[in-house]
Amino acid sequence: MNHYPDKSLAESAAAFEKAAARPPTTHYVLRLFVAGTTRNSVCAITNLKRICEQHLANRYQLEIIDIYQQPELAREAQLTAVPTLIKQLPLPIRRIIGDLSSEEHVLAGLNLLKRAL
Amino acid sequence: MAKRQQKRNELVPLTVRGIRKAPTGVEGFDQITSGGLPQGRPTLVCGSAGCGKTLLAMEFLVRGATLFDEPGVFMSFEESSQELVENVRSMGFDLSDLEAKKKIVLDFVRIEREEVEETGEYDLEGLFIRLGFAVQSIGAKRVVLDTIEALFAGLPNEMIVRAELRRLFRWLKENGLTAIITGEQGTGTLTRHGLEEYVADCVILLDHRVSEQVTTRRLRIVKYRGSSHGTNEYPFLIGDSGISVLPITSLRLEHKAPTDRVSSGIASLDEMFSGEGFYRGSSILLLGSPGTGKSSVAASFVDATCRRGERCLLVAYEESSDQIVRNMHSIGIDLGQWIDQGLLRVHATRPTLYGLEMHLWRLRCLVESFNPAVVVIDPLSNLSLSMPAWELKPTLMQLVDLLKSRGITALFTSLVSEGAFMEEPHIGISSLMDTLISLRNIEADRERNRILSVIKSRGMTHSNQAREFILSNNGVYLVDIRVVEEKVLIGTARASYEAGERASVGLRRQRAERQARRTARKRKAIETRIAAFEAELEAEAELETDEADFLAAQEVAREQTQRLPGQLRMGDTGELLDQKKIT
């Protein structure tokens with residue numbers, strides 16, 4: 001099995017493989033901007049919660065902001081479209097707009113899509 | 001019947017009132033739109049890149065906040081707030097200050113296409129909330145969306161953007177906001193994304209075109225619902241204090257016409273205008289081929305103006321200030337003293353330095369700051385280097401209007417090519433002028449001579465005579481042209497004729513004197529002779545009397561002697577009767 005000539009190198013390779021096999025531990029910070037209880041907003045909240053539970057269980061922090069309640073935040077967050085999901089961590093910052101109905105797109109936006117190697 | 005009539009009167013308002021307008025405060029713009037932009041409605045400002053859309057919108061907002069107490073929100077989709085503040089600082093707009101005073105809100109809407117992932121349905125409620133919040137925070141009356149088309153580039157779903165834009169414009173109207181929406185010009189359409197279909201009330205097109213390597217900016221009101229407006233293309237400028245739209249003509253001709261006169265500085269030229277010179281506030285055009293002395297006539301006028309203690313602005317497009325002063329010394333005019341006394345200001349630039357509008361605008365600034373009584377432009381024709389004649393005329397019209405409205409007497413010189421019919425290239429211009437003077441070179445007998453004639457002069461009697469125009473060491477003067485035996489004599493011919501005439505006058509006088517002397521002498525001689533004859537006559541007469549006396553005496557004596565013998569002889573009668581008598 002061990003075909004590495006150097007023992008230390010063999011150890012680190014093993015450590016890498018072990019780490020890759022483990023579930024990812026990156027913590028996600030997400031902010032979802034919605035506008036009251038419009039259909040799109042409600043959809044977005046439901047969709048996001050489901051996706052997060054499925055893919056980011058116990059390693060995400062989600063803040064849902066109603067811009068009707070806090071309009072001053074809209075400017076700060078550079079908001080145009082609603083609903084908007086902003087992935088603040090991990091970097092880079094990404095914005096996902098829409099009612100988040102397409103799980104594949106959301107996962108792509110969150111960089112969670114497993115790429116075919 | 002009467003009741004019905006009354007009812008009809010009630011229905012129709014006595015005066016048809018136009019829509020309410022929000023003044024922009026942009027120089028000249030409110031004049032051509034008779035009041036400004038439609039109040040409470042959106043206006044589309046479109047044009048190609050760099051045509052001044054953002055600046056027009058910004059000035060509308062800044063003037064609104066500072067002059068008309070209407071705070072405004074500037075929503076920028078292209079430039080960050082910081083960039084905007086810096087860009088308009090050169091126009092004297094202090095946006096940071098206005099922001100601090102809650103007169104203006106700047107909101108930069110950043111949309112990065114790469115950052116955005118789209119999943120499913122959405123709307124632009126975020127934008128509405130931002131705008132609404134900004135409007136509410138300062139009680140804004142005006143809104144600018146610059147350039148909202150960035151949404152099309154930033155958001156993938158055009159259908160949604162279109163639907164939301166429609167909603168946005170409706171929202172603006174409902175909230176009674178006077179708005180400017182800018183849009184990039186598309187090929188064949190006013191805007192690239194057809195914004196004109198949403199903004200139907202007022203559309204303004206800006207244009208930035210290059211002709212003959214000089215750029216000019218133009219503004220046109222394509223559409224203005226519910227209002228009359230100028231339909232022309234108006235040149236506009238971006239100057240040190242914002243935008244100035246230059247209406248092609250003042251919509252009304254209502255400048256005053258002073259009746260007092262100003263001297264041209266050449267006494268013999270004044271004589272041609274019934275002895276008093278030009279009307280104050282009139283426009284005078286000197287047309288002439290090269291070297292006919294246009295600048296010298298202009299300099300004389302400048303000199304006369306300053307001599308009266310009035311201010312004069314000389315705009316020179318050919319010579320520098322120093323050169324003019326030096327050259328005019330040669331005809332005995334010292335312009336340097338007037339410059340030193342502050343009565344004369346020389347503004348010398350190359351006409352190709354910038355477009356005609358810019359020249360006009362600078363001139364306007366100079367006129368406003370210096371406040372001259374007379375403006376001389378030498379030569380006007382150089383301006384036409386940078387633009388075709390048909391474009392020149394409207395600008396000149398503005399210039400003439402500008403000067404007339406201020407009661408400034410204006411003298412322009414214009415170069416015409418030699419041999420061309422005098423008015424030909426300037427038909428357009430000459431109709432704007434009150435007085436037209438033509439200067440010509442006439443070449444005959446191997447010499448050139450200058451001829452001046454008055455082509456027209458509105459509102460005064462003027463000489464119809466061509467005069468010979470002479471530049472001498474002590475200034476400029478005019479001489480009557482001599483016509484001898486149907487031949488026009490000018491220059492040397494005239495001078496020699498006059499000299500000859502002077503000489504022959506002398507000769508004639510001498511001859512007459514000689515004649516007179518001769519006559520006198522002759523008379524004297526004759527008189528002497530008459531005297532001699534008279535003396536002779538007298539002597540003769542004397543002699544005659546003597547003779548007569550003698551004869552008489554002789555006769556008596558003879559009678560006596562005849563009688564004596566008779567007496568002595570006592571004759572036939574026999575008596576010596578008369579003896580006693582004889583003795």
Exercise for the section: Give me the one residue out of Thr84(A), Leu73(A), Ile97(A) that meets side-chain contact (heavy atoms from CB on, under 4.5 Å) with Leu79(A). Expected result: Thr84(A)

Exercise for the section: Please flag which part of Leu131(B) lies under 4.5 Å from any non-hydrogen atom of chain A: side chain, backbone, both or neither. Expected result: neither

Exercise for the section: Assess the side chains of Gln88(A) and Tyr28(A): does a donor N or O sit below 3.5 Å from an acceptor N or O? Expected result: no

Problem - Closest-packed option against chain B by number of heavy-atom pairs under 4.5 Å, given Arg39(A), Arg75(A), Arg94(A) - result: Arg75(A)

Exercise for the section: Heavy-atom pairs under 4.5 Å with chain A are the metric here; pick the option from Glu121(B), Glu125(B), Arg110(B), Gln136(B) that has the most. Expected result: Glu121(B)

Problem - Residue, of Val109(B), Leu151(B), Ile160(B), Asp107(B), that accumulates the most heavy atom pairs under 4.5 Å with chain A - result: Asp107(B)

Exercise for the section: Measure the spacing between CG of Leu48(A) and CD of Glu53(A) and express it to the nearest 0.5 Å. Expected result: 10.0 Å

Handout entry: Side-chain H-bond candidate by donor/acceptor type, Thr24(B) with Asp30(B), under 3.5 Å
Key = yes

Completion exercise
Per-residue tally against chain A (heavy atom, under 4.5 Å) across Asn157(B), Leu127(B), Leu155(B) peaks at Leu127(B)

Completion exercise
Turns out that what part of Leu124(B) lies under 4.5 Å from chain A's heavy atoms comes down to both

Handout entry: Option that, when pairs with chain B are counted at under 4.5 Å, heavy atom only, ranks first among Val82(A), Val106(A), Ile67(A), Leu85(A)
Key = Val82(A)

Problem - Donor-acceptor side-chain pairing of Gln39(B) and Arg142(B) below 3.5 angstrom - result: no

Exercise for the section: Pick one of side chain, backbone, both or neither for Ala35(A), based on which atoms fall under 4.5 Å of a heavy atom in chain B. Expected result: side chain

Exercise for the section: Can you tell which part of Asp99(A) gets under 4.5 Å to a heavy atom of chain B, answering side chain, backbone, both or neither? Expected result: both

Exercise for the section: Cation-pi check, Arg63(B) to Phe68(B): give yes when NZ or CZ is under 6.0 Å from the six-membered ring centre and within 45° of the ring axis, no otherwise. Expected result: no

Handout entry: Lys21(B) charged N/C atom sitting above Tyr224(B) aromatic ring, 6.0 Å / 45°
Key = yes

